[in-house]
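The structure appears below as structure tokens.
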Amino acid sequence: SVYWVFTDESELNDLKEKLNIEIKNYSIIKDLPKISSLKHVESKINKTTDILNIVFISRISPEKNLDLALNIINEINIPIKFDIYGPIGDLNYWKRCKSIIKSMNSDCVEYKGSLEPNEVPNTFSKYHLYLNPTGGENYGYTIVESLLQGTPILLSDKTPWNDLEQNGWGWNVPLVNIKGFKEKIENNCKNIILIDK
């Protein structure tokens with residue numbers, strides 16, 4: 001008696017595999033925008049500082065890889081500010097992330113709590129870069145919201161959004177390549193923070 005709604009075929013297949021069940025009653029949402037249908041929007045942020053402002057907006061849970069994002073941030077050798085937004089979905093995982101933050105001995109990282117959905121676009125517009133080394137997304141609503149605000153994205157290779165660089169919207173890096181994330185931030189930050197609209 002359950003009717004399922006999925007964002008794409010991969011989500012359907014993932015659930016079938018994880019639950020080991022046959023799913024008969026379902027539909028797949030067809031009206032989500034595809035990357036090819038999105039127009040490039042220029043960044044709205046002005047260069048007012050020499051600090052690269054980076055944001056993480058996601059649920060705080062292992063699959064979203066905040067711990068990996070923190071390890072990436074810890075390797076960066078340029079002045080940055082890293083703000084974290086999102087509901088804490090896994091308390092033990094959040095304790096592990098807080099331990100990483102404490103070990104960084106830096107005031108560049110700040111947890112800013114949860115956002116209401118209508119606050120997300122304006123929040124993205126205040127940052128130079130969206131760091132999202134997610135372990136997987138079937139769609140990725142925050143990715144779309146970031147793009148629509150003109151905020152470049154540094155994303156893992158575990159989403160359907162794998163042509164960011166070709167479209168001028170950011171970069172994809174394999175999850176296993178922390179050095180690659182670090183290099184993208186350090187090598188491209190001037191292009192990001194020197195935008196003066």
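What you see is a predicted model; the values in this text were computed from it and never measured.
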Minimum heavy-atom separation for P152 to G150, with atom names?
->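 Closest approach of P152 to G150, heavy atoms only: CD-O, 3.3 Å.
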
Looking at L15 and I23, what are the two nearest heavy atoms and their distance?
->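 Smallest heavy-atom distance, with atoms named: CD2-CD1, 3.7 Å.
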
Ignoring hydrogens and geometry, is there a side-chain-to-backbone donor-acceptor pair from [X] to [Y] under 3.5 Å?
X	Y	value
N172	W161	yes
N187	E183	yes
T151	H128	no
S156	T134	yes
D90	N92	yes
D163	Q166	no

To the nearest 0.5 angstrom, please state how far the [atom1] atom of [X] sits from the [atom2] atom of [Y].
X	Y	atom1	atom2	value
I54	I76	CD1	CD1	6.0 Å
L155	S146	CG	OG	9.5 Å
E145	T123	CD	OG1	9.5 Å
I80	I185	CD1	CD1	6.5 Å
S58	L115	OG	CG	11.0 Å
D107	F82	CG	CZ	14.5 Å

Among residues two or more places apart or on two chains, list those pairs meeting side chain to side chain donor-acceptor pair (under 3.5 Å) that have a residue in residues 15-24.
->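 Every pair satisfying side chain to side chain donor-acceptor pair (under 3.5 Å) with a residue in residues 15-24: there are none.
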
Side chain to side chain donor-acceptor pair (under 3.5 Å) pairs, two or more places apart, involving residues 76-86 |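 For residues 76-86, and leaving out neighbouring residues, the side chain to side chain donor-acceptor pair (under 3.5 Å) pairs sorted by first residue read K81-D83, K81-E110, D83-Y127, Y85-Y127.
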
Only distances under 3.5 Å count here; give the side-chain donor-acceptor pairs of residues 59-75 to other protein atoms, sequence neighbours excluded, each with its distance to 0.1 Å.
| from | atom 1 | to | atom 2 | distance (Å) |
| --- | --- | --- | --- | --- |
| R59 | NH1 | S61 | OG | 2.9 |
| R59 | NH1 | E63 | OE2 | 2.7 |
| R59 | NH2 | E63 | OE2 | 3.4 |
| S61 | OG | E63 | OE2 | 3.1 |
| K64 | NZ | E137 | OE1 | 3.3 |
| K64 | NZ | E137 | OE2 | 2.7 |
| N65 | ND2 | P133 | O | 2.8 |
| D67 | OD1 | Y93 | OH | 2.7 |
| D67 | OD2 | R96 | NH2 | 3.3 |
| N71 | ND2 | D67 | O | 3.2 |

Taking side-chain hydrogen bond (donor to acceptor under 3.5 Å, both in side chains) as the test, write out the residues that go with S103, two or more places apart.
->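 Counting only residues at least two positions away or on another chain, S103 forms no side-chain hydrogen bond (donor to acceptor under 3.5 Å, both in side chains).
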
What pairs with T142 under side-chain hydrogen bond (donor to acceptor under 3.5 Å, both in side chains), at least two apart in sequence or on another chain?
->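 Partners of T142 under the side-chain hydrogen bond (donor to acceptor under 3.5 Å, both in side chains) test: Y130.
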
4.5 Å side-chain heavy-atom contact, W169 and I153 |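 With C-beta onward as the side chain, the pair stays apart.
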
Side chain to side chain contact (heavy atoms under 4.5 Å, CB included) partners of [X], counting only residues at least two apart:
X	answer
L91	I88
V5	Y3, S27, I29
D14	N138
N118	E116

Counting only heavy atoms not in K179, do more than 12 sit closer than 6.0 Å to its NZ atom?
->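 Check fails, neighbour count at 12 or below.
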
Could you label the plane-to-plane angle of the Y26 and F6 rings as parallel, tilted or perpendicular, counting under 30° as parallel and over 60° as perpendicular?
->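 The arrangement is perpendicular - the two ring planes meet at more than 60°.
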
Looking at F181 versus W171, is the centre-to-centre ring distance below 6.0 Å?
->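 No, the ring centres sit 6.0 Å or more apart.
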
Sequence-distant partners of E165, salt bridge (Lys or Arg N to Asp or Glu O under 4.0 Å), two or more places apart =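 Per chain and number, E165 pairs via salt bridge (Lys or Arg N to Asp or Glu O under 4.0 Å) with K184.
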
State which residues pass salt bridge (Lys or Arg N to Asp or Glu O under 4.0 Å) with K98; sequence neighbours excluded, sorted by chain then number.
->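 If we apply the salt bridge (Lys or Arg N to Asp or Glu O under 4.0 Å) test to K98, skipping adjacent residues, there are no hits.
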
Pairs involving residues 148-157, ordered by first then second residue, that meet salt bridge (charged side-chain N to carboxylate O under 4.0 Å, His left out) (sequence neighbours left out) |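 For residues 148-157, and leaving out neighbouring residues, there are no salt bridge (charged side-chain N to carboxylate O under 4.0 Å, His left out) pairs at all.
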
Evaluate the side-chain contact (heavy atoms from CB on, under 4.5 Å) criterion for residues K158 and L175: first the C-alpha distance (whole Å), next the side-chain angles of each, then the deciding distance (0.1 Å), finally the verdict.
-> CA-CA 8 Å; K158 302 296 182 189; L175 265 182; 3.7 Å; yes

